[in-house]
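Below: one structure, written as structure tokens.
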Amino acid sequence: MRTFLFVLGALALASGLPSKKLHPLSDEYIAELNSKQSTWKAGRNFAVEDYELFKVLASGAKKGPARNVPVLIHDESEDVPESFDAREAWPDCADIIGLIRDQSRCGACWAFAAVEAISDRICIHSNATKKLLVSAQDELTCGLAGGCSGGWPFSAWGDWHERGIVTGGLYEAYDEGCKSYFLPNCEDHPNKCTDYVDTPPCVERCDVNTLSYETEETYGQENYGLSGEKQIQLEILKNGPVEATMDIYADFASYQSGIYQRISNDYLGGHAVRILGWGVEDDVKYWLVGNSWNERWGENGYFRIIRGRDEVGIESTIDAALPDFSRF
């Protein structure tokens with residue numbers, strides 16, 4: 001009954017903010033966020049003048065074209081644990097699964113969440129014999145799913161199946177694979193991220209001559225979709241982290257810690273993230289989610305969001321695939 005009453009109260013709050021029109025990144029707005037709920041703490045992540053940049057970062061997951069992918073359905077008779085963290089479940093892959101990347105000034109969340117989950121799954125399904133990073137840069141620039149102005153998460157997984165995605169990691173990290181990311185980290189939002197950028201051209205070669213683009217390609221099996229709380233849990237338990245698409249509202253810009261639930265009604269767009277676990281705190285169920293806005297955002301780059309009621313659509317659109325080791 002306590003959780004039920006909590007949920008009803010949270011839903012009621014969503015229609016009551018703000019009481020007057022405040023700038024979504026102002027100190028007054030942040031203070032009102034903290035006064036209207038108790039499950040998460042709001043604070044400053046972006047300067048007021050960087051609201052347009054935030055809106056680009058928060059709307060990188062496009063909706064449409066029609067998402068025509070097979071739907072995987074797990075047998076829900078299987079029990080799931082109360083809490084789960086993929087970093088702990090596969091400790092030999094914890095350094096891969098636990099890596100928080102930074103999309104910087106490009107609306108490439110759709111590519112980042114995909115290649116992060118792909119990297120996790122390659123490590124997990126190879127029993128940690130293939131510990132490598134898959135390149136966000138290659139998918140961003142040479143894939144068919146989108147660019148810095150946004151893209152379609154399910155198409156990124158389709159690219160992995162159809163054309164492959166090469167290895168590669170962070171900015172100028174030439175020892176992390178074929179193609180590193182083209183932008184440095186926004187280590188301290190907003191000081192180093194004052195404008196967004198366009199998509200670079202596709203270059204089908206590695207950063208260093210000692211690596212071959214063709215031999216660095218990784219491939220996935222046919223991609224699929226899932227939806228629903230227990231289906232997502234079973235998928236993560238069996239196969240590793242997944243990519244999720246969620247709606248972003250203005251209050252999310254100020255998330256710093258706790259279990260996020262929507263308070264704002266100011267919709268900004270779609271955002272892609274990686275779900276790697278779940279848990280319960282003070283009778284509130286949550287998902288454990290990795291973002292791509294650097295480790296200084298949120299809970300060391302992660303956030304938790306209320307679980308079981310499809311908060312901001314996070315349980316509706318899940319994308320995944322398994323590695324196809326026969327092709328790399």
Side-chain angles (χ1 to χ4, degrees), residues 3-4 6-8 10-11 14 39-40 61-90 97 109-110 113-114 116-118 120-121 124-125 152-158 160-161 220-249 252 259-262 267 269-281 283-291 302-322:
T3 301
F4 178 70
F6 164 81
V7 170
L8 288 179
L11 290 172
T39 63
W40 63 281
K62 295 183 178 181
K63 296 185 176 181
R67 184 171 172 265
N68 184 22
V69 297
V71 176
L72 181 65
I73 301 177
H74 294 285
D75 179 1
E76 293 195 3
S77 65
E78 183 176 343
D79 292 333
V80 297
E82 182 179 68
S83 63
F84 182 84
D85 186 329
R87 297 168 297 183
E88 298 172 358
W90 293 285
I97 301 171
C109 60
W110 59 273
E116 290 162 1
I118 287 169
D120 298 343
R121 287 174 168 234
I124 289 166
H125 290 275
W152 295 274
F154 76 92
S155 292
W157 292 85
W160 190 38
H161 173 59
Q221 300 177 34
E222 185 178 10
N223 54 307
Y224 52 86
L226 306 103
S227 64
E229 179 185 8
K230 192 163 186 180
Q231 288 293 316
I232 299 168
Q233 290 176 309
L234 290 168
E235 174 64 17
I236 296 172
L237 275 173
K238 295 173 184 291
N239 294 318
V242 298
E243 180 171 19
T245 301
M246 60 185 283
D247 294 329
I248 294 293
Y249 292 80
F252 192 69
I259 301 173
Y260 174 77
Q261 55 175 312
R262 179 176 69 86
Y267 172 76
H271 183 52
V273 293
R274 180 176 53 113
I275 302 179
L276 62 150
W278 61 86
V280 180
E281 182 177 271
D283 296 330
V284 181
K285 301 190 303 180
Y286 65 83
W287 294 111
L288 173 63
V289 189
N291 204 356
Y302 298 91
F303 67 97
R304 290 174 293 156
I305 182 170
I306 196 165
R307 170 169 57 91
R309 70 181 197 200
D310 196 23
E311 186 73 359
V312 294
I314 197 169
E315 295 164 8
S316 293
T317 309
I318 304 296
D319 291 290
L322 297 176

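Treat the numbers as computed from the prediction; the structure is a model and nothing was measured.
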message: For a side chain to side chain contact (heavy atoms under 4.5 Å, CB included) check, start with the C-alpha distance between Asp319 and Arg67, then their side-chain angles and the critical distance, and finish with the verdict.
response: CA-CA 10 Å; Asp319 291 290; Arg67 184 171 172 265; 2.9 Å; yes

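- Every side chain to side chain donor-acceptor pair (under 3.5 Å) that Asp120 has, sequence neighbours left out, goes to Arg274.
- Residues satisfying the side-chain contact (heavy atoms from CB on, under 4.5 Å) test with Phe84, not counting sequence neighbours, are Pro81, Ala86, Ala89, Trp90, Ile236, Leu237, Trp278.
- Side-chain contact between Val289 and Ile305 is present, with at least one heavy-atom pair separated by less than 4.5 Å.
- With sequence neighbours excluded, the residues satisfying salt bridge (charged side-chain N to carboxylate O under 4.0 Å, His left out) with Lys238 are Glu78.
- Looking at every heavy atom in both residues, Leu226 comes nearest to Leu72 through CD2-O, 3.8 Å.
- Contact between Ala117 and Glu243 at its shortest, heavy atoms only, is CB-N, 4.5 Å.
- The two atoms that bring Pro153 and Thr245 nearest to each other are CG-OG1, 3.5 Å, heavy atoms only.
- Between Tyr286 and Val280, the shortest heavy-atom distance links the atoms CE2-N, 3.4 Å.
- No side-chain heavy atom of Asn239 sits under 4.5 Å from any side-chain heavy atom of Ile124.
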message: What verdict does the side chain to side chain contact (heavy atoms under 4.5 Å, CB included) test give for Asn223 and Trp160, after you've listed the backbone C-alpha separation in whole Å, the side-chain angles of each residue and the deciding distance to 0.1 Å?
response: CA-CA 9 Å; Asn223 54 307; Trp160 190 38; over 6 Å; no

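- Salt-bridge check for Arg262 with Asp247: failed, with every basic side-chain N at 4.0 Å or more from each acidic carboxylate O.
- The side-chain contact (heavy atoms from CB on, under 4.5 Å) test applied to Asn291 returns Phe252, His271, Val273, Trp293, Trp297, Phe303, not counting sequence neighbours.
- Under the 4.5 Å side-chain criterion, counting only non-hydrogen atoms from C-beta, Tyr302 is in contact with Leu276.
- With sequence neighbours left out, the salt bridge (charged side-chain N to carboxylate O under 4.0 Å, His left out) criterion links Asp85 to Arg87.
- Atoms NE2 and CD1, on His74 and Ile232 in that order, are 10.0 Å from each other to the nearest 0.5 Å.
- Counted by atom type alone, Trp287 and Glu311 present zero donor-acceptor pairs between their side chains at under 3.5 Å.
- Every residue meeting the side chain to side chain donor-acceptor pair (under 3.5 Å) condition with Ser316, not counting sequence neighbours, appears here in chain and number order: Asp310.
- By the salt bridge (charged side-chain N to carboxylate O under 4.0 Å, His left out) test, Glu281 pairs with Arg304, sequence neighbours left out.
- For the side-chain contact (heavy atoms from CB on, under 4.5 Å) test, residues two or more places apart in sequence or in another chain that qualify with Ala156 are Trp110, Ala114, Glu139, Ala145.
- Considering all non-hydrogen atoms of both residues, Ala320 and Val242 come closest at CB-CG1, 4.3 Å.
- Between the side chain of Glu315 and the backbone N or O of Arg307, no donor-acceptor pair lies under 3.5 Å.
- We find the NZ-CD distance between Lys285 and Glu82 to be 10.0 Å, quoted to the nearest 0.5 Å.
- In terms of the side chain to side chain donor-acceptor pair (under 3.5 Å) criterion, residue partners of Gln231 (sequence neighbours excluded) are, by chain and number, Glu76.
- Listed by chain and number, the residues in a salt bridge (charged side-chain N to carboxylate O under 4.0 Å, His left out) with Arg121 are Glu235 (sequence neighbours excluded).
- Listed by chain and number, the residues in a ring pair (Phe, Tyr, Trp, His ring centres under 6.0 Å) with Tyr224 amount to none (sequence neighbours excluded).
- The minimum heavy-atom distance between Glu222 and Pro70, with the atom names listed, is OE2-CG, 3.5 Å.
- Rounding to the nearest 0.5 angstrom, the gap separating the CH2 atom in Trp157 from the CD1 atom in Ile118 is 4.5 Å.
- Shown here are the side chain to side chain donor-acceptor pair (under 3.5 Å) partners of Asp79, two or more places apart in sequence or in another chain: there are none.
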